[in-house]
Amino acid sequence: MDEQSPDISSSHSGDERREPAQPGERKPWDDLDDVLDLTGGAGQFSQPFSGSHPARDIEEEEEDEEEERGAWKDSLEPSPVEEEPGSIDSISPVSPHSPAVPSAPMEEPERPPAPCTAPSGSVVVDLIYWRDIKRSGVVFGASLFLLLSLSVFSIVSVLAYIALALLSVTISLRIYKGILQAIQKSEEGHPFRSILESNLAVPEDLVQKYCNVALNHVNCTVKELRHLFLVEDLVDSLKFAVLMWVFTYIGALFNGLTLLIVALISLFSIPVIYERHQTQVDHYLALVNKNLKSTSDLILSKVPGLKRKAE
């Protein structure tokens, strides 16, 4: 150790005694100064380390610019249409992490039976209430004439007479038009060409509509007859028996055609009278209904075993 110390001391003394640099000679630390000048100087290396990193600051600025650009684009796009809560698109998708919940099976609600009454067509209502006087008069007159003819002649004779009357009119018109065209030398053609070329086929939907209405009435009638004849309710069956007993006297006084004539006249007269005097008619009908109900309740209370089950 003692031997090395003089050498070390001599080396330090030799460094301290270095000769000053010559004017044209370049030292190593001169290269370091050039590098620092190119990179911006030694000041940025001499700053203390802080929590913010330059690269991270640049990334954050880029993210802010992207967010602002996206918000600007969203402001230019039209707002989406609000969807109804029951639509399929409005249902939020199920998260893949959420457990699947089994949905309860949907039970179809029981449909109520079809009502026994069907709404009448507007054409029938217009005819009954005489909205169009000419059309209602033609229908009423033709129907009444047909029923009166059937009361005097048989149905075969009535149909034959109607067919002969119609043929006499059409044949006479056809001959008259033919002679007129021959004299005037015109080419008008057949007088009933428009009717012959028109489509007189009955549409299927119309037939199906009225068949469904008729079937509904037939089913309701069969159900009511079963209720009456099988004595499901004793009071209703007794009322039906009294009504049939009254009809025996009516049948002895009038035949079926007379009843149809009376029904036709009533159909074309009673609705119009009721429409014009509805207040007075409702008042008297309420009084009659009240008296009938009180009389019926009195009879049911006196006769044992005739009370309804609901009472």
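Counting begins at 1 with the first residue of the sequence. Hydrogens, waters and symmetry mates are skipped; everything else that's a heavy atom, side chains included, is used.
Taking 4.5 Å as the limit, every side-chain heavy atom of K290 sits out of range of all side-chain heavy atoms of K293. Using a 4.5 Å cut-off on side-chain heavy atoms (C-beta onward), I250 and L259 make contact. A 4.5 Å side-chain heavy-atom check between Y249 and L253 finds every atom pair outside the cut-off. Side-chain contact between N216 and N212 is absent, with no heavy atoms from C-beta onward closer than 4.5 Å.
Y274 OH: more than 12 foreign heavy atoms inside a 6.0 Å radius. Within 6.0 Å of CZ in F192 there are more than 12 heavy atoms belonging to other residues, nucleotides or ligands. The local environment of CD in Q278 is crowded, with over 12 non-hydrogen atoms from other residues, nucleotides or ligands closer than 6.0 Å. Environment of CZ in R131: crowded, with over 12 heavy atoms of neighbouring residues, nucleotides or ligands closer than 6.0 Å.
In this structure, L264 is a member of the same hydrophobic cluster as I155, with clusters built from ILVMFWY side-chain heavy atoms closer than 4.5 Å. Each of V222 and L230 belongs to its own hydrophobic cluster when Ile, Leu, Val, Met, Phe, Trp and Tyr are linked at side-chain heavy-atom distances under 4.5 angstrom. At a threshold of 4.5 Å between side-chain heavy atoms, the hydrophobic network of Ile, Leu, Val, Met, Phe, Trp and Tyr places I175 and I195 in two separate groups. Note on V125 and I270: separate hydrophobic clusters, where clusters join Ile, Leu, Val, Met, Phe, Trp and Tyr whose side-chain heavy atoms are under 4.5 Å apart, directly or indirectly. Hydrophobic clustering places V152 together with L260 (ILVMFWY residues linked when any side-chain heavy atoms are closer than 4.5 Å, directly or through intermediates).
Here the straight-line distance linking atom CG of L287 with atom CG of D282 works out to 11.0 Å at 0.5 Å rounding. Of the inter-residue distances, the one linking S198 atom OG with L196 atom CG reads 7.5 Å to the nearest 0.5 angstrom. Summarising the geometry, atom NE2 belonging to H190 is positioned 9.5 Å from atom CD belonging to Q181; distances are rounded to the nearest 0.5 Å. Once rounded to the nearest 0.5 Å, the distance linking CG of L215 with SG of C220 reads 9.5 Å. With values rounded to the nearest 0.5 angstrom, E224 atom CD is found 5.0 Å from L228 atom CG. With rounding to the nearest 0.5 angstrom, the OG atom of S237 is 6.0 Å from the NE2 atom of H227.
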Output a table of donor-acceptor pairs, distance under 3.5 Å, between side-chain atoms of residues 138-149 and any protein atom two or more places apart or on a different chain; print 'none' if there are none.
residue	atom	partner	partner atom	Å
S143	OG	V139	O	2.8
S149	OG	F145	O	2.8

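The two atoms that bring P271 and S266 nearest to each other are CD-O, 3.6 Å, heavy atoms only. Nearest heavy atom pair, residue S294 against residue N291, reads OG-O, 2.7 Å. For the pair F268 and W130, the tightest heavy-atom approach, listed with the atom from each and the gap, is O-NE1, 2.8 Å.
Defined by atom type and a distance below 3.5 Å, a donor-acceptor pair is present between the side-chain atoms of T258 and N255.
The side chain to side chain contact (heavy atoms under 4.5 Å, CB included) with S136 is formed by just one residue from the set D126, I128, V272, L127; it is L127.
Looking only at distances, no side-chain donor or acceptor of S172 sits under 3.5 Å from a matching main-chain atom of V169.
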